[in-house]
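First up is the structure itself, then whatever we jot down about it.
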Amino acid sequence: MVKKFYVTTPIYYVNSEPHIGSSYTTIVADIIARYKRMMGFDVFFLTGTDEHGQKVMQAAKESGVTPKEHVDRLSAKFRDLWEKLEITNDMFIRTTDDFHERTVQAFIKKMMDNGDIYKGKYEGWYCVPDETFWTDEDIISENGKKLCPQCKREVKWVEEENYFFRLSKYNDKLLKYYEEHPEFMEPDFRRNEMLQIIRSGLKDLSISRTTFDWGIPMPDDPKHVVYVWVDALINYLSALGYAENDQKFHNYWPADLHLIGKEINRFHSIIWPAMLMSAGLELPTKVFAHGWLTVNGEKISKSLGNAISPIELMDVYGRDPVRYYLLRDINFGRDGDFSEDNLISRFNADLVNDLSNLVHRTLSMCEKYFDGVIPVFSGKDDSPDKDLYSIIQSNVKKYKDNMDHYQFTQALESIWEIIRYANKYIDLTEPWKLDKQDNGRERLSKVIYNLIDSIRIVSVLISPVMPDTSEQILKKIGYGQDHLAEENFELHRLSSNVKTDKGNPVFMRIDTAQWEKVIKIKSPDIKQNSFAPSIKKDETVNQEKKDNIISLIEIEDFKKVDLRVALVKSAENIIKSEKLLKLSLDMGELGIRQVVAGIAKFYTPQEITGKKIVVLSNLKPTKLMGIESCGMLLAAKINDKLSVLIADRDLEPGAKIS
RNA sequence: UGCGGGGUGGAGCAGUCCGGAAGCUCGUCGGGCUCAUAACCCGAAGGUCAGAGGUUCGAAUCCUCUCCCCGCUACCA
């Protein structure tokens, strides 16, 4: 029986264009899929797009198209990207696919049959313009009115009927499952986070909405659409034909690996398994949450202009080098930084100097000494040969162990151990001298054979990460893609008497002196100071500069600001707050106001009481520590010193400052 | 403020779970080789493993406390 392997990426929310972050997850999944295929697994690799929900509706509205047009357009972008990146997914699912919609309904019906779904009432404050619910604690109350904390417009109390999933019922079962299957959720520190959440008690989950209709209707109650996350998670089943194609479904379920980003861990590691338990299905073997990428040390954001397009990057550096870099330099599971300098450095050092050069110099020698025909394996082993063999064997083993545990950085390191030793092996055996010796011919044959054999194994091992490069190198020594199989990790499987094709080196060095980088950061460029002791210092300087940049404004801008003199009538500490004081202010014609100020570390209530301070009176009110604050007092701060501003001459409270 | 992550030679990181001669890559310096692409091979310099206590024959690793950086969060209004 053939072993199967079912791997998924998240389905991407079609809210914005794909960037390097979404590509990262998919590339990793692709590498795993290719590796498992090489290891003889029957692989099913799924990716797709998540297309329902309120935000999609809004995004469509903003671009002036229907939701369907919007999702068609963006979904196609993802699909095209994966094609360009030669991602080997077996299927691309869309949550607007009709079979998916049917499956979601069937699945929910199953949960209903098991008594896990009930109709309940959702009560809360609702901000209509924002289409958002707020809890009692969130909202701001002012003059008897309840305001939305986001937009400060009035909220209204709504009571909405929703369907709820009895998530709480699975609390203990989940806990037990986590305890019995420590491998279910990785990395371990993420697992601990999930355990904390489960231990603190799960609440039932509202799984339907009636405020908009861009979604899958609830079975038998089309006024409700299914909550987008519930809809989305079920894609992992519908892709396999759950409830429609039993054979395919049973062939691949349960999933062997759900690959996700850390931000969606809770859905995959708590809600999803509970849903599966409810429907009586087996749980996935593993959920693996990877970290986030920054770009050149900065968060990926549109405003910084560093949301780099994966296509652009790969056009410049090539698909394989980018894949290699991502996997080699970023420790899978942790957050990592995508740095173009490091990419270039890896490119030159690992790919050009070590790998490409090894292939090129070896094939040059094969051409020179054997007319490009792979010589026969003969004669007895010398000590460098024995070392070469043992290094290959031990590193092939390490490679497999690491790949099986998704430790890609380490897996690549073990391949490079082989490459480095092969380069050293050339120095130790000195083929150019053997060529000149009368009796060196047999030894020379063996040396060249061993080198090409090493290259063959290396090419096979790198294939999941660098498929194009692997193919190119294998072709040079007479092999096709059918050579990608575990049995070919073994030594001495190289065929002799095959004509090699040296061709051009697989990678050419990047000359950093005249190289134009792809990523251009728009923030002010601080010249790299070679005497600077560390980058941290540069960043500080950078920050200070940013803070000191002051743009000029019109007098009209200033007139928007209403500054007043206010008398502090009383002040008190806020319980459990280190920074805040609650002040009661006499503001003359504006009456008595309550302002919360973050000065508790610098002023005692007694000290500030009676002072005539300056207050920004027309600031939108807010709540701090649940206490209302209608205005802001002015204070100057430098380093650890802070002073509240006070008028030079005595003035009536309420006096306007202009 | 809470939670999480991190602080290891000039840079980037591994090692920390399960204590036992401080390791890898890049960079720098010196040497070797000429098959190869300013490459490859060898050697060297460079670290009080953030700091302070403690446990131990022995601590980067375990315990306690402190400091600093990053992310989210929060009481920056």
Side-chain angles (χ1 to χ4, degrees), chain A residues 187-190 192-193 196-197 262-263 291-292 294 297-299 328-331 333-337 339 341-342 344-346 348-354 356-369 407 409-410 412-413 416-417 419-435 444 447-448 451 502 504-513 530-536 539-540 573-582 595-601 615-635 637 642:
Chain A
D188 54 350
F189 59 91
R190 298 262 168 250
N192 288 337
E193 284 178 15
Q196 284 300 319
I197 293 172
K262 65 180 184 182
E263 73 284 3
W292 283 355
T294 51
E298 307 221 41
K299 248 178 102 174
R328 174 62 186 80
D329 250 26
I330 292 159
N331 202 340
R334 299 200 179 267
D335 289 350
D337 182 46
S339 143
D341 284 339
N342 291 348
I344 294 168
S345 158
R346 284 286 170 202
N348 279 341
D350 297 355
L351 301 184
V352 179
N353 296 351
D354 291 346
S356 171
N357 190 231
L358 171 67
V359 174
H360 198 243
R361 66 198 295 212
T362 300
L363 294 185
S364 290
M365 286 190 282
C366 182
E367 220 165 59
K368 192 163 179 175
Y369 308 137
Q407 294 172 320
T409 301
Q410 294 85 333
L412 288 169
E413 261 168 20
W416 256 255
E417 292 279 318
I419 295 172
R420 289 202 191 93
Y421 190 81
N423 272 319
K424 185 167 177 169
Y425 177 82
I426 297 176
D427 269 51
L428 294 172
T429 53
E430 299 179 300
W432 49 93
K433 282 190 186 161
L434 292 173
D435 179 51
L444 183 59
V447 166
I448 299 299
L451 279 169
K502 183 172 92 168
N504 293 322
V506 284
F507 293 112
M508 295 299 277
R509 154 168 286 275
I510 292 172
D511 181 2
T512 48
S530 53
F531 300 107
S534 74
I535 284 181
K536 274 174 194 158
E539 280 167 359
T540 316
N573 284 312
I574 292 169
I575 302 159
K576 285 198 282 185
S577 169
E578 282 184 13
K579 287 187 195 168
L580 296 183
L581 286 185
K582 187 170 87 179
V595 165
V596 177
I599 57 169
K601 282 186 175 168
V615 171
L616 173 58
S617 73
N618 62 339
L619 185 67
K620 281 182 187 169
T622 190
K623 253 184 172 181
L624 298 170
M625 284 294 277
I627 296 166
E628 206 170 3
S629 178
C630 307
M632 175 173 94
L633 68 72
L634 266 45
K637 184 168 188 250
L642 180 142

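As a basis for the values below, the full set of heavy atoms in this structure was taken, side chains included, without hydrogen atoms, waters or symmetry mates. Proteins come first, then strands; the chains are lettered A, B, ... in the order of their sequence lines, and each starts at number 1.
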**Prompt:** Can you tell me the Watson-Crick or wobble partner of C3(B), both distances under 3.5 angstrom?
**Reply:** G71(B)
**Minimal non-hydrogen separation, V447(A) against Y425(A), with atom names** = CA-OH, 3.6 Å
**Message:** Could you tell me the Watson-Crick or G-U partner of U16(B), where both distances fall under 3.5 Å? Say none if there is no partner.
**Reply:** none
**Asked** Which value, in whole Å, describes the distance between the P atoms of nucleotides C29(B) and G20(B)?
**Response** 36 Å
**Message:** Suppose you measure atom P in G19(B) against the same atom in C63(B); what distance do you get, rounded to whole Å?
**Reply:** 11 Å
**Request:** Pick the C1' atom in G46(B) and in U28(B), then give their distance to the nearest Å.
**Result:** 10 Å
**Same-atom distance (P) from A77(B) to C17(B), integer angstrom** = 43 Å
**Distance in angstrom units between M365(A) CE and C33(B) C1', rounded** = 12 Å
**Request:** Look at the side chain of R346(A) and decide which nucleotide, out of C40(B), U25(B), C35(B), has an atom nearest to it.
**Result:** U25(B)
**Item:** Shortest side-chain distance from D350(A), nucleotide among C35(B), C40(B), U25(B)
**Value:** U25(B)
**Asked** Could you give the CG-to-P distance, from N504(A) to U37(B), as a whole number of Å?
**Response** 11 Å
**Message:** Measuring only the C1' atom in each nucleotide, how far is U61(B) from A21(B)? A whole number of Å is fine.
**Reply:** 15 Å
**Complete:** Between V506(A) and S356(A), the two heavy atoms sitting closest are N-OG, 3.5 Å
**Distance test, side-chain N/O of N357(A) to OP1/OP2 of C40(B), below 4.0 Å** = no
**Asked** So which nucleotide from G12(B), A77(B), C33(B) ends up closest to the side chain of V595(A)?
**Response** A77(B)
**Prompt:** So what does N423(A) touch, heavy atoms closer than 4.0 Å: a base, only the sugar-phosphate, or nothing?
**Reply:** sugar-phosphate
**Prompt:** Any donor and acceptor pair, going by atom type alone, linking the side chain of S364(A) with main-chain N or O of H360(A) inside 3.5 Å?
**Reply:** yes
**Asked** Rounding to the closest angstrom, what is the interatomic distance between C33(B) and C40(B) at atom C1'?
**Response** 8 Å
**Request:** Name the pairing partner of A22(B), where a pair is Watson-Crick or G-U wobble with both distances under 3.5 Å, or state none.
**Result:** none
**Request:** Check every strand shown and say whether R420(A) touches a base, only sugar-phosphate, or nothing at a heavy-atom separation below 4.0 Å.
**Result:** sugar-phosphate
**Prompt:** In Å, rounded to the nearest 0.5 Å, how long is the span from CG of N357(A) to CG of L351(A)?
**Reply:** 12.0 Å
**Complete:** Nearest-nucleotide check on RNA chain B, N348(A) vs D329(A); residue mapping nearer the 5' end is D329(A)
**Pairwise P distance for A45(B) and G10(B), with rounding to whole Å** = 15 Å
**Item:** Nearest-angstrom distance from the residue atom CZ of R328(A) to C1' of C26(B)
**Value:** 10 Å
**Request:** Kindly indicate whether the side chain of S356(A) and the base of U37(B) share any N or O donor-acceptor pair separated by less than 3.5 Å?
**Result:** yes
**Asked** Rounding to a whole Å, what distance do you find between E430(A):CD and C42(B):P?
**Response** 13 Å
**Prompt:** Should we count CG of D511(A) as having more than 12 external heavy atoms under 6.0 Å?
**Reply:** yes
**Message:** Applying a 4.0 Å non-hydrogen cut-off, can you work out what D354(A) is touching in the nucleic acid: base, sugar-phosphate, or nothing?
**Reply:** sugar-phosphate
**Asked** Using atom P of each nucleotide, how far apart are G30(B) and C35(B) to the nearest Å?
**Response** 25 Å
**Item:** Distance in angstrom units between L358(A) CG and C35(B) P, rounded
**Value:** 16 Å
**Message:** Could you tell me how far apart W432(A) (CH2) and C41(B) (P) are, to the nearest whole angstrom?
**Reply:** 11 Å
**Item:** Candidate nucleotides U37(B), A77(B), C41(B), ranked by approach to the side chain of K424(A) - the nearest
**Value:** C41(B)
**Request:** For A50(B), give its Watson-Crick or G-U wobble partner with both distances under 3.5 Å, or none.
**Result:** U66(B)
**Request:** Give the rounded distance in Å between these two atoms: CD of Q410(A) and P of G15(B).
**Result:** 7 Å
**Nucleotide paired to A44(B) in any strand shown, Watson-Crick or G-U, under 3.5 Å** = U28(B)
**Request:** May I have the distance from R361(A) (atom CZ) to U37(B) (atom P), rounded to whole angstrom?
**Result:** 10 Å
**Asked** Which heavy-atom pair separates W432(A) from Y369(A) by the least distance, and what is that distance?
**Response** CA-OH, 3.3 Å
**Closest to side chain of A349(A), choosing from C35(B), C26(B), U37(B)** = C26(B)
**Prompt:** When rounded to the nearest 0.5 angstrom, what distance separates CD in E367(A) from CD1 in I448(A)?
**Reply:** 11.5 Å
**Message:** Any base atoms under 4.0 Å from P505(A), or only sugar-phosphate, or nothing? Heavy atoms, all strands.
**Reply:** base
**Nearest to side-chain heavy atoms of D427(A), which nucleotide of U37(B), C26(B), C35(B)** = C35(B)
**Prompt:** Got a second to check how far L358(A)'s CG is from N353(A)'s CG, nearest 0.5 Å?
**Reply:** 11.5 Å
**Complementary nucleotide of U37(B), counting Watson-Crick and G-U pairs under 3.5 Å** = none
**Request:** Please work out if T362(A) contacts a base, only the sugar-phosphate, or nothing of the nucleic acid, heavy-atom cut-off 4.0 Å.
**Result:** nothing
**Request:** Give M632(A) one of three labels, base, sugar-phosphate or nothing, depending on what nucleic acid heavy atoms sit under 4.0 Å from its own.
**Result:** sugar-phosphate
